[in-house]
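Quick notes on the structure that follows.
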Amino acid sequence: MNTIVPPEFFTLSLGITKCFLIPCESGYLLIDTSTRNTYKKFKKELKKLAVKVSQIKYVFLTHHHGDHTGFLKKLIEESEASLIVHRKALPFLAEGVNNSEMTGNSALIRLLMRLKLTLGLTRVNEAVVPDDKAIILEADNNELLRSIGIPAKIISLPGHTGDSIAVVFDDGRALVGDAAMNLCRLLNPGYYPLVAEDCLQIKTSWIKLLNQGAKELFVSHGKPISVHRLIKH
């Protein structure tokens with residue numbers, strides 16, 4: 001079920017991944033594109049909101065993983081939206097794979113990751129090569145979203161992946177992708193993501209969120225989390 005969080009964005013629950021639809025000056029900006037098999041559901045949810053695919057003018061990727069880029073290629077082709085992405089995501093998007101140089105936060109996750117690699121299950125999506133309209137980021141950006149009518153800044157949050165980026169609204173709400181998760185405590189104790197490229201950077205990125213004015217974190221997996229509750233763990 002979709003819920004509106006007034007006044008700036010809608011939350012779309014698409015399979016295992018939450019995506020976020022934000023009104024902007026020329027239409028809408030979409031945060032992430034869930035998994036490949038959720039595109040039809042996504043279009044149905046848009047219809048409920050009386051939003052057309054052609055009204056999506058920007059697609060913002062929090063990072064390159066397959067559960068966030070699943071229908072990216074289809075959506076870009078159909079909507080002609082501009083992609084907003086960190087430069088470090090580009091090689092993985094071009095191959096349609098997740099970075100294999102990651103570690104799990106538990107023995108079970110690490111075992112599953114080794115099994116996946118052993119079976120050669122590395123390709124997750126169709127290859128995506130950004131076009132000339134794409135906006136490629138390399139650092140924090142305070143102006144881009146404001147230029148399209150969204151009162152927010154973009155900050156980088158390395159740890160889960162090197163290309164992880166987030167949207168932090170002026171009122172303290174933040175859309176953070178997988179920089180944190182709020183799932184079963186057995187799977188992700190302390191709100192840590194299930195896997196990470198650099199586990200040591202995760203807590204540093206959480207502190208950065210606090211310092212950048214974030215208060216309530218809207219994660220892609222699970223319920224929102226208070227940044228103060230996150231820092232305590």
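Since the structure is predicted, the reported quantities are computational estimates derived from the model, not experimental observations. Residue numbers count from 1 along this sequence.
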In plain terms, say whether [X] and [Y] are close enough for a salt bridge, that is, a side-chain N and a carboxylate O under 4.0 Å apart.
| X | Y | value |
| --- | --- | --- |
| Arg87 | Glu138 | yes |
| Arg36 | Asp67 | no |
| Glu78 | Lys74 | no |
| Asp140 | Lys208 | yes |

- [ ] Fit a plane to each ring of His68 and His221, take the angle between them on a 0 to 90° scale, and name the class: parallel (under 30°), tilted (30 to 60°) or perpendicular (over 60°).
- [x] perpendicular
- Which of parallel (below 30°), tilted (30 to 60°) and perpendicular (above 60°) describes His65 and His63? perpendicular
Q | Residues His64, Asn98; criterion side chain to side chain donor-acceptor pair (under 3.5 Å); working and verdict | A | CA-CA 7 Å; His64 71 272; Asn98 292 343; 4.7 Å; no
### Side-chain donor or acceptor of Lys18 paired with backbone N/O of Phe218 under 3.5 Å
no
- Task: Would you please indicate yes or no on a ring centroid separation below 6.0 angstrom for Tyr58 and Tyr28?
- Result: no
Worksheet item: Looking at Phe20 versus Phe10, is the centre-to-centre ring distance below 6.0 Å?
Response: no
Could you tell me whether the side chain of [Y] reaches within less than 4.5 Å of the side chain of [X], counting heavy atoms only?
| X | Y | value |
| --- | --- | --- |
| Phe60 | Ile22 | no |
| Thr38 | Thr33 | no |
| Asn141 | Ile135 | no |
| Thr161 | His86 | no |

Tightest non-hydrogen contact, residues Lys41 and Gly15, listed as NZ-N, 4.2 Å
